[in-house]
Asker: 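The structure under discussion is supplied below as structure tokens; questions concerning it will follow.
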Number of protein chains: 2
Amino acid sequence: MGDLELRDDLLPEDEGEASLHETLVSRMRQLMIEGTLENGQRIPEAELCRMFGVSRTPLREALKVLAVQGFVQLRPNRGAIVAPIDPEQIRPIFELKGALERLIGLTAAERVTQEDLDAIDALHHELGATLEQGQMDDYTRLNYAFHKGLAQISGNALLCETYEGLQQRIWRYRFVVNEDFTRVADSFAEHEQIMIALRARTPLDLAARLEAHNMRTCEAMLRAIAQIS
Amino acid sequence: MGDLELRDDLLPEDEGEASLHETLVSRMRQLMIEGTLENGQRIPEAELCRMFGVSRTPLREALKVLAVQGFVQLRPNRGAIVAPIDPEQIRPIFELKGALERLIGLTAAERVTQEDLDAIDALHHELGATLEQGQMDDYTRLNYAFHKGLAQISGNALLCETYEGLQQRIWRYRFVVNEDFTRVADSFAEHEQIMIALRARTPLDLAARLEAHNMRTCEAMLRAIAQIS
DNA sequence: GGCGGATGAATTGCATTCATTTTTTGCAGC
DNA sequence: GCTGCAAAAAATGAATGCAATTCATCCGCC
């Protein structure tokens with residue numbers, strides 16, 4: 001007992017300390033967002049247990065959570081399947097997201113600070129760079145970050161959370177729209193207008209542009225899906 | 001094997017067949033909505049297990065789900081507490097709900113059918129009756145049903161789901177506002193205007209009235225809470 | 001008397017086990 | 001060869017058990 005041990009856990013760090021539950025939820029969600037697990041595909045618990053090296057108890061808890069978030073569908077006594085989003089469900093999602101985009105626009109325009117502007121502007125320029133270089137995967141990722149950043153400027157955590165949930169549901173279809181290069185160019189042009197409205201801090205204008213951007217993305221996605229099938 | 005047995009499970013009924021998981025989730029949520037479990041109160045798993053007569057496994061799954069829905073707060077290794085909604089969190093909820101109210105108004109006005117109108121009108125008149133008789137608990141319940149019904153007219157299931165989630169979070173504070181009888185009268189008057197806009201099928205008008213109604217309810221709730229504390 | 005640290009009790013996190021339901025496999029009958 | 005039932009195998013739902021963490025109590029010390 002002679003040695004005093006310096007404890008460095010005084011600062012809990014709060015990050016990097018993701019619990020197993022949270023890890024499982026986000027990793028499984030990632031599998032579905034990335035498309036590793038296909039829509040409608042059955043998810044045998046045992047296989048996922050081997051995959052993640054955990055027992056069924058925490059895995060099932062994660063499945064229950066993902067069911068609430070709409071990523072998986074639980075069928076009593078018959079296991080879970082990756083929630084099959086059919087095209088008919090895409091429009092309602094975008095419709096709801098449109099309402100949130102509008103609120104984001106209204107509030108972000110009023111609450112945006114100079115630091116916010118600088119940060120989102122940096123993202124915007126990164127987006128432009130990836131577009132010029134044709135790095136579509138990077139573009140898609142940055143696009144996600146751009147809209148998430150806008151949501152955060154709203155200052156409403158619940159709004160952010162809800163918004164990101166919708167984004168993630170839609171995210172599973174992004175590859176479909178990415179193929180549509182003309183849409184990407186149009187999309188970036190719309191971002192340009194969004195940035196202008198944000199810098200000008202004009203709530204109604206920003207809201208309208210975000211809503212329009214959302215609607216156009218929705219239509220492009222529906223067109224792309226229609227082409228495939 | 002001589003007797004042919006008529007099987008009546010051809011129609012799965014789909015209702016009344018709530019799984020244990022769903023039952024636990026809704027019953028525990030009810031406890032918190034009703035206020036049986038107070039805000040910030042610790043929830044020992046063992047006690048809830050006794051209460052519901054189940055083991056910890058399904059109960060913990062339910063807790064995880066309720067955490068996602070924002071009703072409980074899970075602290076790693078330290079158990080769950082009833083999510084303490086402080087007044088600062090009320091405004092963001094109403095702000096988000098306002099965006100949904102607007103969407104509900106826009107879409108409901110366009111998609112409402114005559115049957116919808118009849119049903120919601122019946123609710124509306126019931127509301128008026130309970131108001132006259134001063135049955136505030138019934139009024140509150142019917143008020144919830146009224147707004148839920150409006151959301152359903154929108155025809156967007158995801159919107160309904162999200163909307164009801166917000167309503168339930170707020171629901172825990174309804175008793176505070178119910179005390180404010182003048183607000184109830186005002187609220188009903190606003191419902192009258194909402195019904196007029198719905199019958200007239202004027203999207204922008206209905207949306208504006210729902211948004212205003214939402215905002216006034218928010219202010220009334222904040223005032224009531226401020227008075228208490 | 002108040003405070004800090006140690007020990008035991010209680011609680012949580014996860015793994016394992018048991019019971020029930022579903023799915024698959026096998027076989028008799030047509 | 002195909003259909004239909006029956007038993008086996010597999011998967012799910014829930015309970016129990018065990019390790020680890022947290023909480024409560026107690027004791028020594030200032």
Side-chain angles (χ1 to χ4, degrees), chain A residues 1-14 16-28 37 40-68 71-83, chain B residues 1-14 16-28 37 40-68 71-83:
Chain A
M1 305 237 206
D3 51 348
L4 287 178
E5 200 173 340
L6 276 183
R7 310 187 339 174
D8 58 348
D9 58 338
L10 299 179
L11 289 176
E13 284 282 329
D14 230 350
E17 277 295 329
S19 66
L20 174 59
H21 173 68
E22 288 170 24
T23 307
L24 278 177
V25 170
S26 66
R27 286 190 64 186
M28 289 183 57
L37 295 175
Q41 180 182 342
R42 188 128 171 284
I43 313 174
E45 293 180 1
E47 192 175 326
L48 288 175
C49 286
R50 278 193 301 276
M51 183 182 280
F52 293 117
V54 298
S55 76
R56 285 177 53 217
T57 306
L59 190 114
R60 285 170 57 80
E61 289 174 354
L63 280 176
K64 293 276 199 295
V65 166
L66 289 168
V68 172
F71 287 98
V72 307
Q73 202 172 313
L74 297 180
R75 303 165 305 170
N77 289 317
R78 302 188 57 203
I81 60 174
V82 180
Chain B
M1 305 241 204
D3 52 348
L4 286 178
E5 201 174 340
L6 275 184
R7 310 185 342 172
D8 57 349
D9 57 339
L10 299 177
L11 289 176
E13 284 282 330
D14 229 350
E17 277 294 330
S19 66
L20 174 59
H21 173 68
E22 288 170 25
T23 307
L24 278 177
V25 170
S26 65
R27 286 191 63 187
M28 288 182 58
L37 296 175
Q41 180 182 344
R42 191 130 169 284
I43 314 175
E45 293 179 2
E47 192 175 326
L48 288 175
C49 286
R50 277 193 300 277
M51 184 182 282
F52 293 116
V54 297
S55 75
R56 286 176 53 218
T57 305
L59 190 114
R60 284 171 57 80
E61 290 173 354
L63 280 176
K64 293 277 200 294
V65 166
L66 289 169
V68 172
F71 287 98
V72 307
Q73 201 173 314
L74 296 180
R75 303 164 305 168
N77 288 317
R78 304 187 57 205
I81 60 174
V82 179

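Just so it is clear, the values below take in all heavy atoms, side chains as well, and ignore hydrogens, waters and symmetry mates. Protein chains get the first letters and strands the later ones, always in sequence-line order, with residue 1 at the start of each.
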Asker: Within this structure, what is the CG-to-C1' distance between Leu74(B) and dT12(C), rounded to whole angstrom?
Answerer: 11 Å
Asker: Using only side-chain N and O atoms of Arg78(B), determine if any of them is under 4.0 Å from OP1 or OP2 of dT11(C).
Answerer: no
Asker: Starting at NZ of Lys64(B), measure out to NE2 of His21(A) and round the result to the nearest 0.5 Å.
Answerer: 5.0 Å
Asker: N/O contacts under 3.5 Å, protein versus nucleotides 7-9 of chain C?
Answerer:
none

Asker: Taking all atoms of both residues into account, what is the closest heavy-atom pair of Val82(B) and Leu37(B), and its distance?
Answerer: CG2-CB, 3.7 Å
Asker: Atom pairs under 3.5 Å, N or O on each side, protein against nucleotides 7-9 of chain D: can you list them with distances?
Answerer:
none

Asker: For the pair made of CZ in Arg42(B) and C1' in dA24(D), what is the distance, rounded to whole Å?
Answerer: 11 Å
Asker: Would you name the heavy atoms of Val25(B) and Leu66(B) that are closest together and state the gap between them?
Answerer: O-CD2, 3.8 Å
Asker: Could you give all pairs that pass the side chain to side chain donor-acceptor pair (under 3.5 Å) test and reach residues 44-55 of chain B, with sequence neighbours left out?
Answerer: Glu45(B)-Arg56(B), Glu45(B)-Arg60(B)
Asker: For each nucleotide in nucleotides 14-21 of chain D, reading 5' to 3', give B when a protein heavy atom comes within less than 4.0 Å of its base, S when such contact involves only the sugar-phosphate, and - otherwise.
Answerer: SBBB---S
Asker: Apply side chain to side chain contact (heavy atoms under 4.5 Å, CB included) to Thr23(A) and list each qualifying residue two or more places apart in sequence or on a separate chain.
Answerer: Ala18(A), Arg27(A)
Asker: Please report the distance, rounded to the nearest Å, between CZ in Arg75(A) and C1' in dT21(C).
Answerer: 13 Å
Asker: Calculate the interatomic distance between Ile43(A) atom CD1 and dT12(D) atom P; express it in whole Å.
Answerer: 10 Å
Asker: Using 0.5 Å steps for rounding, measure from the CE atom of Met28(B) to the CG atom of Leu48(B).
Answerer: 5.0 Å
Asker: For Val54(A), check side chain to side chain contact (heavy atoms under 4.5 Å, CB included) against everything at least two apart and list the hits.
Answerer: Leu20(A), Leu24(A), Phe52(A), Pro58(A), Leu59(A)
Asker: Atom CD1 of Ile81(A) to atom P of dT23(C): distance rounded to whole Å?
Answerer: 12 Å
Asker: Name all residues meeting the side chain to side chain contact (heavy atoms under 4.5 Å, CB included) criterion together with Ala83(B); count only those two or more places apart in sequence or in a different chain, and write none if there are none.
Answerer: Arg172(B)
Asker: Rounding to an integer number of Å, can you tell me how far Leu59(B) CG sits from dG13(D) P?
Answerer: 17 Å
Asker: Rounded to the nearest angstrom, tell me the gap between atom CD in Glu47(A) and atom C1' in dT12(D).
Answerer: 16 Å
